[in-house]
There are 2 protein chains.
Amino acid sequence: MKQSHTKPDVSVDVVLLTLDEGMLKVALHRRASAPGKGSLALPGGYVHVDEDASLEATAHRVLREKTGLEPRYLEQLRTFGGPERDPRGWSVAVSHVALIPHGELSQAGAGVFHFYDVDDLPDLAFDHAGQVQEAVQRVRNKASYSTLPCWLLPELFTLTQLQGIYEQIFGETVSRGTFRSRLGIRVGEVTPGESADEADILIATEQFQGGNQRPARLFRVNRLSLFKRAFW
Amino acid sequence: MKQSHTKPDVSVDVVLLTLDEGMLKVALHRRASAPGKGSLALPGGYVHVDEDASLEATAHRVLREKTGLEPRYLEQLRTFGGPERDPRGWSVAVSHVALIPHGELSQAGAGVFHFYDVDDLPDLAFDHAGQVQEAVQRVRNKASYSTLPCWLLPELFTLTQLQGIYEQIFGETVSRGTFRSRLGIRVGEVTPGESADEADILIATEQFQGGNQRPARLFRVNRLSLFKRAFW
DNA sequence: TAAATAGTGTCTATTAGACACTATTAA
DNA sequence: TTAATAGTGTCTAATAGACACTATTTA
């Protein structure tokens with residue numbers, strides 16, 4: 001029974017995803033030390049009990065320290081645990097999914113991290129391949145009935161951009177009108193008094209993005225909304 | 001930096017739910033020792049690194065040892081972690097949701113555990129109230145677009161029983177025909193050659209449950225199916 | 001005024017759901 | 001044959017989606 005009270009190690013891993021060239025890609029780096037030295041791995045690290053206020057805080061700190069990136073979206077995926085996943089013994093990894101727009105990548109420390117197509121993954125360290133697979137499944141599934149894909153775009157975006165994201169993810173096209181009615185867009189009805197309806201899925205701003213044509217209204221996402229009807 | 005490598009404690013908690021008198025109820029017991037001695041708490045315990053093969057195995061062992069019950073359904077909910085949730089210091093709790101039919105309760109060691117209405121909870125130890133709230137939210141939400149409620153019934157059940165469960169959860173009634181078409185029930189079409197279509201949400205058995213009227217066909221759930229259209 | 005993309009109204013095909021009808025058992 | 005519940009077909013109301021039309025900008 002004494003051995004039963006040995007504590008497992010607790011680390012936090014992050015599956016950081018972005019959309020690039022129409023593909024979902026995940027951030028990976030080559031491990032510099034054993035175990036698994038030289039193999040590709042997710043950003044991850046141990047909980048620092050003297051500075052982390054929560055597991056989400058650990059995930060944010062790990063991403064900041066290792067990649068220099070701040071994700072637009074972060075949620076816990078699932079916690080993996082067992083005696084086999086790390087050669088050093090019984091371990092626990094609290095896995096997270098994070099999303100970031102492709103446009104925010106270039107500037108930051110892309111140094112050691114590179115992005116790999118999730119549908120054509122190389123071999124990964126530990127159980128990281130499984131974590132990526134589950135994360136991708138979660139994102140694709142959640143995208144079909146929620147506003148999750150909005151976090152693959154900058155804070156302000158046009159409906160055409162958003163429609164493009166959905167069409168990339170699902171490989172199907174719909175008419176503009178259909179897309180807008182699915183989102184419940186009804187800009188015309190906004191009476192100045194009531195303004196931004198909290199029930200709205202997207203919030204219409206008064207900003208527009210120009211070009212050589214009629215400017216498109218910019219929207220921002222209200223919150224992570226789930227649809228009653230599967231979106232795609 | 002040395003302190004950073006102090007390991008947090010890792011425990012596994014289980015929110016065990018059942019449907020009784022039309023209410024969702026959760027299993028709680030009074031803690032026999034500090035911290036939180038005398039207050040109501042979920043079944044939970046530390047990972048035993050020498051005997052547990054996974055976190056799910058820990059959850060099953062804890063339920064077995066503390067309540068004597070084997071749940072029909074168990075899934076990980078979310079992992080809670082932070083410096084404040086337990087007075088002994090930074091701790092991690094891998095929280096699970098479990099479902100069990102009310103009929104399977106009576107026989108087993110209901111000894112120290114009693115079931116409490118989740119919509120009228122007393123004060124709970126640690127962050128257990130939050131865990132119950134999240135678990136209930138997850139179950140109610142998932143029930144609206146999946147076959148999750150099937151696990152609140154015995155393995156074989158009639159469609160009328162299942163419809164009753166949904167109506168209890170959502171407080172709305174629909175006609176029998178509507179309910180059946182939502183589930184995609186089409187018993188008549190089963191040609192003996194093709195038999196149980198793997199795409200079917202429920203599998204029709206050749207067993208019937210009698211009474212003083214036309215016997216009802218017994219079904220079992222194929223797997224946890226998600227519906228494209230929100231069910232309720 | 002032509003080109004290009006944004007935004008909207010209308011009409012149709014599909015589907016969800018209420019209701020009524022048939023089916024099968026025990027008393 | 002009546003009572004009680006199971007199972008199914010039909011008709012209607014709601015809704016999703018394609019298409020075409022209007023709107024607004026630059027060149």
(request) In whole angstrom, give the distance that lies between atom CZ of A:Arg229 and atom P of D:dA16. (result) 7 Å
(request) Under the side chain to side chain donor-acceptor pair (under 3.5 Å) rule, what do B:Asn141 and B:Gln137 come out as? Steps first, then yes or no, please. (result) CA-CA 6 Å; B:Asn141 185 49; B:Gln137 203 174 312; over 6 Å; no
(message) Which nucleotide wins on minimum distance to the side chain of A:Thr160, given the candidates C:dG17, D:dG7, C:dA6?
(response) C:dA6
(message) Is the terminal nitrogen or CZ of B:Arg182 (NZ for Lys, CZ for Arg) located under 6.0 angstrom from the six-membered ring centre of B:Phe231 and within 45° of that ring's axis?
(response) yes
(request) Select one nucleotide: of C:dG7, D:dA4, D:dG17, the one nearest the side-chain heavy atoms of A:Thr178. (result) D:dG17
(message) Reading DNA chain C from 5' onward, which residue's closest nucleotide shows up sooner: B:Gly177 or A:Gly177?
(response) A:Gly177
(message) Does D:dA6 have OP1 or OP2 under 4.0 Å away from a side-chain N or O of B:Arg217?
(response) no
(message) On a heavy-atom basis, which atom in A:Phe80 and which in B:Leu55 lie closest, and how many Å separate them?
(response) C-CD1, 3.8 Å
(message) Distance check needed: C:dT5 P versus A:Leu218 CG, whole Å only.
(response) 17 Å
(request) Whole angstrom is fine here: how far is it from CD in B:Glu172 over to P in C:dA16? (result) 16 Å
(request) Would you mind reading off the distance between B:Phe179 atom CZ and D:dT5 atom P, rounded to a whole angstrom? (result) 17 Å
(message) On DNA chain C, compare the nucleotides closest to B:Gly211 and B:Phe231; which residue's is nearer the 5' end?
(response) B:Phe231
(request) Measure the CE-OH distance between A:Met23 and A:Tyr116 for me, rounded to the nearest 0.5 Å. (result) 13.5 Å
(message) Distance check needed: C:dA23 P versus B:Phe208 CZ, whole Å only.
(response) 16 Å
(request) Could you tell me the separation between the CZ atom of B:Arg180 and the P atom of D:dA6, rounded to a whole number of Å? (result) 8 Å
(request) Give the nucleotide from the list C:dA6, C:dT5, D:dT24 with an atom nearest to the side chain of A:Arg176. (result) C:dA6
(message) Go nucleotide by nucleotide along DNA chain D from the 5' end; which of A:Arg214 and A:Arg182 gets its closest nucleotide reached first?
(response) A:Arg182
(request) Write down the distance between CG (B:Leu183) and C1' (C:dG17), rounded to a whole number of angstrom. (result) 14 Å
(request) Determine the sole option in B:Leu69, B:Leu63, B:Val62 for which the side chain to side chain contact (heavy atoms under 4.5 Å, CB included) test with B:Lys66 is passed. (result) B:Val62
(request) Give the rounded distance in Å between these two atoms: CD of A:Gln163 and P of D:dA18. (result) 10 Å
(request) Classify the nucleic acid contact of B:Ser181 as base, sugar-phosphate or nothing, counting any heavy atom under 4.0 Å across all strands shown. (result) nothing
